[in-house]
Amino acid sequence: MRRGPRRAFPALSLALSLLLTALSGCSAAPAQTATIFAMDTVMELTAYGERRCVDEAVSAVYEAEDRFSVTDPDSDVARLNASGGGAVSGDTQALLERALELCALTDGALDITVYPLVRAWGFTTGQYRVPGGGELAGLLEKTGYDRVRLEDGTVSLPEGSLLDLGAVAKGWTADCIAGIWREAGVKSGLINLGGNVMTVGAKPDGSDWTVGIRDPFSQELMGAVRVRDAAVVTSGGYQRYFEEDGVRYCHIIDPKTGRPADSGLASVTVTGAEGVLCDGLSTAVYVLGLEGAKALWRENGGFELVLVTEERKVYITEGLEGVFTPEGSYQSTEIKVIRRG
Ligand code: ADP
Ligand code: MG
């Protein structure tokens with residue numbers, strides 16, 4: 001079932017496309033594009049290929065939204081939440097399996113059962129509030145990805161436990177679209193799901209895509225990375241938050257405390273070949289903080305990081321040396337490099 005009209009947001013999308021094209025310098029080669037509003041964000045799809053590639057990508061986005069939206073009562077996720085589990089198949093099963101692996105990889109900094117907490121803080125309704133300690137303690141008892149069972153295509157959730165795939169759904173969807181495009185022979189494409197970016201191939205002129213990273217403290221860019229066939233995903237407290245009594249509360253919850261993450265990082269950008277990994281890890285690393293990020297990166301492969309701390313310090317992992325370029329006021333900032341050994 002579809003929810004409400006699907007709208008296009010020309011002004012916003014123009015801003016987004018300017019951000020990307022200004023940096024990527026897209027040539028005048030014929031591009032197929034679509035701008036849609038889905039998953040609560042403006043999305044821009046650009047493929048250098050046949051029109052049907054973009055149309056199929058748009059369908060893939062709506063299909064993912066129909067499966068994964070936690071607020072649409074007809075979605076697969078809402079159905080599982082309403083019944084404490086049930087049968088799953090296809091993409092829902094595959095994403096749940098991958099998401100649970102990422103929860104374990106991050107030792108629960110990513111936790112797809114965090115929804116009772118997200119809801120209590122008002123992030124799904126917009127009716128923001130600061131829950132009391134007793135309420136949070138009660139809700140924490142209902143969370144824990146390790147209590148979700150997924151066997152033979154059947155999910156079972158403990159009493160009161162609710163799934164939320166919001167931290168990984170866009171990355172997963174970007175992977176799906178990239179797969180569709182590669183199969184269709186698209187050599188060049190840009191998928192921007194509200195700042196959750198995936199590049200397919202190189203730019204039409206054969207050079208790398210350049211993807212901008214926003215400064216968490218202003219509307220400007222803090223830097224850019226040059227990539228091809230890679231996702232670039234940023235999570236930050238500045239993206240969605242509310243303020244009460246001078247305190248800022250962001251939409252990423254630390255599953256250990258039940259409170260908005262407050263790890264000292266202002267933004268986390270993750271780049272790598274797999275969109276869902278980058279999406280899940282951007283959320284998790286924002287919770288883990290600088291030291292946790294270093295450890296996670298040293299123990300695992302497949303991704304690189306750009307971290308901006310609340311003190312405006314910048315860290316990159318060594319794979320991004322020569323790939324990351326600071327922009328604007330960050331050109332005079334020392335860039336610290338996190339190394340393996
Ligand atoms: P966005 O989707 O806004 O770009 P993220 O990918 O970081 O940002 O996902 C944040 C969303 O994931 C929140 O809106 C919430 O629904 C959910 N969430 C919040 N904290 C966590 C967490 N620690 N683990 C898993 N999901 C989370
Ligand atoms: Mg994420």
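Every number for a ligand or one of its atoms is a count from 1 in the order of the listing. Below, all heavy atoms of this structure are taken into account, side chains as well, without hydrogens, waters or symmetry copies. For reference, positions follow the sequence shown, starting with 1.
Between Tyr241 and Tyr249, the ring center distance fails the sub-6.0 Å criterion. Here Tyr128 and Trp121 keep their ring centres 6.0 angstrom or further from each other.
Under 4.0 angstrom from ligand 1, the non-hydrogen atoms of Asp164 all belong to its side chain.
Taking every heavy atom of both residues into account, Gly280 and Leu110 meet most closely at O-CD1, 3.7 Å. Between Phe68 and Asp91, the shortest heavy-atom contact is CZ-O, 4.0 Å. When all heavy atoms are compared, the tightest approach of Ala224 to Glu327 is CB-OE2, 4.0 Å.
Taking each of Thr283, Leu163, Val268 in turn, the one with a heavy atom nearest to atom 5 (P) of ligand 1 proves to be Thr283. Of all the listed residues (Leu193, Asp111, Thr41), Asp111 holds the heavy atom that lies closest to atom 25 (C) of ligand 1. Heavy-atom proximity to atom 3 (O) of ligand 1, evaluated over His251, Lys170, Lys256, is greatest for His251.
For the residue pair Thr271 / Glu304, no side-chain donor-acceptor distance below 3.5 Å is found, with atom types taken as modelled. At a cut-off of 3.5 Å, with distance as the only test, no side-chain donor of Asn81 or Tyr115 sits close to an acceptor on the other residue. A donor atom on one side chain and an acceptor atom on the other are found under 3.5 Å apart for Asp111 and Thr113. In this structure, a donor-acceptor pair under 3.5 Å is absent between the side chains of Thr317 and Arg340.
For Arg67 and Tyr62, the positive end is not near the middle of the six-membered ring at less than 6.0 Å and at most 45° from its axis.
Taking a cut-off of under 4.0 Å to the non-hydrogen atoms of Val114, the atoms of ligand 1 that pass are 18 (N), 21 (C), 26 (N), 27 (C). The Leu110 neighbourhood of ligand 1 comprises atoms 24 (N), 25 (C), with distances under 4.0 Å to a heavy atom of that residue. Of all atoms in ligand 1, numbered sequentially from 1 with element shown, those under 4.0 Å from a heavy atom of Asp279 are 6 (O). Here is the list of ligand 1 atoms found below 4.0 Å of a heavy atom in Gly166: 2 (O), 9 (O), 12 (O).
Heavy-atom distances between Pro255 and ligand 1 reach below 4.0 Å in at least one pair. Using a non-hydrogen distance threshold of 4.0 Å, Arg240 does not register as a contact of ligand 1.
Put simply, the angle at the Mg ion (ligand 2) from O in Asp279 to O in Ala167 is close to 90°, to the nearest 10°.
The Mg ion (ligand 2) has an N, O or S atom of Thr283 inside 2.8 Å of it.
Taking only nitrogen or oxygen atoms, main chain and side chain alike, Ala109 reaches within less than 3.5 Å of ligand 1. For ligand 1, none of its N or O atoms has an N or O atom of Ile252 under 3.5 Å away. In terms of N/O distances under 3.5 Å, ligand 1 is approached by Ser235.
Protein heavy atom closest to atom 26 (N) of ligand 1, with residue, atom name and distance, is Ala167 CB, 3.4 Å. Protein heavy atom closest to atom 20 (N) of ligand 1, with residue, atom name and distance, is Ile253 N, 2.9 Å.
Counting heavy atoms of neighbouring residues, nucleotides and ligands inside a 6.0 Å radius, atom CD of Glu220 does not exceed 12 of them.
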